[in-house]
Amino acid sequence: MGEHSTSNRLAVDQPTRGADRNQSLADRADPTTDEMLLPSLDDGITLLDVEGGRGVPILQSLVLDHLLLHDGPAFWVDANGHATTTTLAQIAPSQRLLNRIHVARGFTAYQHYGTVCDLPPAVNKSIQISTTDAGPAGRRAPSRDEDTSPHTPALIVAPAVDAQYRADDTLGETHAKTLQARTLARLATYADGYDIPVLVTRTQRDDFTAPVATAADHHLECEQTRMGPRVVGEDFETLVYPVDDGAYYQTTFAYWQQLLAAHATQVGMEPTTPTPSTPTPEGVGTGVTTDGESVAATADPLLDAWTASGTGGR
C-alpha cells in the first residue's frame, strides 16, 4: 500500500497551538479541526512518567505548550540535562518563548535543594526586572486571561526530581529521602502559593520515588509507540498523531469506537453496547447474533459461528 486512503487519516492544517482541554474528537461537529496532542497542566504538582527513556522532548513540549497558552515565565530547576537548549530551540516556535524560561541547575543534592529554596527570591527578582523594563504601561498590560500575569510565574519545572538525592554518595539513605521530601514539600508550597502547575519527572519508579507519586496532584503517563508518544492522564488521552504532510494518522481503537457511536446517534441509530455482564474468557470482545443476542467472541470467527447456540453447532 504505497498511498494511504482518507479512511485511515484525518487531513487538517498544521496546528498553531496546543490543546488546553481533552475533548473527544467524536463530540465535535468537525473532528478534524481540533488538535488533541498535548494535555493541559492544571494547578498543583503534575508527575510525568515516560516509559522507555528520559522523555526530554515530551517534557519540553508540555512546557512550551503551557507557555503558549499562559502569560508569565517558567522557572526550571534542572537535573540530568533536561533543559538542553538543542531540542528546546528545535521545538520552540519563537525565540521569545525561550526567553520566558529561567533555568537553574543543581549538580548535587544540596545544590538542588538550595536551588529550590532560592526560587522565591528568583521569582521576586524576575518580577522586579520585568515590571521595571515594561514601565507603567507594561504594569497595566492586559493578560491573556484574568488568571495569569506576564510578570508572575506561569509554571515551575523540576525534571528528575529524585536524581541528585539518589546519586549523592555523601548522603545516607534516610537523609537522602528526607531531603527529597523537603524538596517536594517546597514545590507543593509554591504550587499552592502561586496557583500554578509544577511539572516533575522521576528517573525510576521504586520505593525511593514513591513519595513523588504521593505528593503529585495529577499523573501523566507517556508511552513510546511506533506512531509516536501517547500520553494518558485522568482527563486526557492522545488519540491522534501528526505526520510531516500536516495530516493526522489515527492509531487508537478507542477513537473509531467513539466516532462510529457519534455517527450512529446522528442518524437516529442507538449504538449497540455489549452487556457488561457478558463474560469474555480468553476472547477478544463480544459480538451480536442476528437474533440480537450478545455472545463472547474469540479470535477465531469460524469457531464463534460453529459453537453459537441455535445455529446447529455444539
Query raised in the report: So which heavy atom on Ala79 is nearest to which on Ala163, and how close?
Result: CB-CB, 4.5 Å
Report task. Using the rule that two of Ile, Leu, Val, Met, Phe, Trp, Tyr join whenever any of their side-chain heavy atoms come within less than 4.5 Å, decide whether Val103 and Val56 are in one cluster. Result -> no
**Report entry** Chi angles and distances behind the side-chain contact (heavy atoms from CB on, under 4.5 Å) call for Leu119, Val123
**Finding:** CA-CA 6 Å; Leu119 200 147; Val123 169; 3.4 Å; yes
Query raised in the report: How would you list, by chain and number, every residue that makes a side chain to side chain donor-acceptor pair (under 3.5 Å) with Thr170, sequence neighbours excluded?
Result: Asp168
Requested in this report: Pick out which of Val200, Asp162, Leu47 makes a side chain to side chain contact (heavy atoms under 4.5 Å, CB included) with Thr209.
Outcome: Asp162
Report summary line: Rounded to the nearest 0.5 angstrom, the CG-CG distance for Leu64 and Leu69 is 11.0 Å
Query raised in the report: Which of parallel (below 30°), tilted (30 to 60°) and perpendicular (above 60°) describes His70 and His66?
Result: parallel
Query raised in the report: Taking a hydrophobic cluster as the set of Ile, Leu, Val, Met, Phe, Trp and Tyr residues connected by side-chain heavy atoms closer than 4.5 Å, whether directly or through intermediates, do Leu187 and Tyr110 fall within one such cluster?
Result: no
Query raised in the report: What closest approach, in Å, do Ile196 and Pro153 show between heavy atoms, and which atom pair accounts for it?
Result: CG2-O, 3.2 Å
Query - Where at least one partner belongs to residues 117-129, residue pairs that pass side-chain hydrogen bond (donor to acceptor under 3.5 Å, both in side chains), sequence neighbours excluded - result: none
Query - Pair Thr183-Tyr165, side-chain contact (heavy atoms from CB on, under 4.5 Å): steps then yes or no - result: CA-CA 10 Å; Thr183 295; Tyr165 310 100; 2.6 Å; yes
Requested in this report: Compare every heavy atom of Asp78 with every heavy atom of Ala83, then report the nearest pair and how far apart it is.
Outcome: N-OD1, 3.1 Å
Query - Check against side-chain contact (heavy atoms from CB on, under 4.5 Å), Val232 and Glu223 - result: CA-CA 8 Å; Val232 177; Glu223 174 190 7; over 6 Å; no
Report task. Would you sort out whether Val63 and Leu155 count as a side-chain contact (heavy atoms from CB on, under 4.5 Å), showing the intermediate values? Result -> CA-CA 8 Å; Val63 172; Leu155 176 67; 3.9 Å; yes
Requested in this report: Identify, with sequence neighbours excluded, every residue that meets salt bridge (charged side-chain N to carboxylate O under 4.0 Å, His left out) alongside Asp49.
Outcome: Arg202, Arg205
Requested in this report: Determine yes or no for a side-chain-to-main-chain donor-acceptor pair under 3.5 angstrom, with Thr238 supplying the side chain and Val231 the backbone.
Outcome: yes
Requested in this report: Could you tell me whether the side chain of Pro73 reaches within less than 4.5 Å of the side chain of Ile101, counting heavy atoms only?
Outcome: no
Requested in this report: Using atom types as modelled and distance alone, determine if a side-chain donor or acceptor of Arg230 lies under 3.5 Å from a backbone N or O of Thr225.
Outcome: no
Query raised in the report: So, Thr131 and His151: side-chain donor and acceptor under 3.5 Å apart, yes or no?
Result: no
Report summary line: Residue set satisfying ring-ring contact (aromatic ring centres under 6.0 Å, His included) with His82, at least two apart, ordered chain then number -> none
Requested in this report: Decide whether Leu199 and Ile45 are clustered together by the hydrophobic rule: side chain heavy atoms of Ile, Leu, Val, Met, Phe, Trp, Tyr closer than 4.5 Å, transitively.
Outcome: no
Requested in this report: Verify the neighbour count for atom CG of Asp169: are there more than 12 heavy atoms of other residues, nucleotides or ligands below 6.0 Å?
Outcome: no
**Report entry** Counterpart residues, side-chain contact (heavy atoms from CB on, under 4.5 Å), relative to Ala191 (two or more places apart)
**Finding:** Val198
Requested in this report: State which residues pass salt bridge (charged side-chain N to carboxylate O under 4.0 Å, His left out) with Glu51; sequence neighbours excluded, sorted by chain then number.
Outcome: none
Report task. Tell me, please, which residues at least two apart from Thr201 pass side chain to side chain donor-acceptor pair (under 3.5 Å). Result -> none
**Report entry** salt bridge (charged side-chain N to carboxylate O under 4.0 Å, His left out) involving Asp206 - partner list, sequence neighbours excluded
**Finding:** Arg166
Query raised in the report: Is it true that a side-chain atom of Gln164 and a backbone atom of Gly106 form a donor plus acceptor pair closer than 3.5 Å?
Result: yes
Query raised in the report: Who pairs with His102 by ring-ring contact (aromatic ring centres under 6.0 Å, His included), at least two apart in sequence or on another chain?
Result: Phe75
Query raised in the report: Under 4.5 Å between side-chain heavy atoms, hopping through other hydrophobics if needed: is there a path connecting Leu41 to Ile156?
Result: no
What pairs of donor and acceptor atoms, side-chain ones from residues 86-94 against any protein atom, are under 3.5 angstrom apart with sequence neighbours left out?
unit_1: Thr87; atom_1: OG1; unit_2: Gln60; atom_2: OE1; d: 2.6
unit_1: Thr87; atom_1: OG1; unit_2: Gln60; atom_2: NE2; d: 3.1
unit_1: Ser94; atom_1: OG; unit_2: Arg96; atom_2: N; d: 3.1

Query raised in the report: Got a sec, which pairs hit salt bridge (Lys or Arg N to Asp or Glu O under 4.0 Å) with one end in residues 174-188, sequence neighbours left out?
Result: Glu173-Lys177
Query raised in the report: Within the side chain of Tyr190, is there an N or O that forms a donor-acceptor pair under 3.5 Å with the backbone of Val116?
Result: yes
Query raised in the report: Side chains of Pro39 and Leu62: closer than 4.5 Å at any heavy-atom pair?
Result: yes
Report task. Quick one: list whatever passes side-chain contact (heavy atoms from CB on, under 4.5 Å) with Phe107, sequence neighbours left out. Result -> Arg105, Gln111
Query raised in the report: In terms of hydrophobic clusters joined by side-chain contacts under 4.5 Å, are Leu179 and Phe208 together?
Result: yes
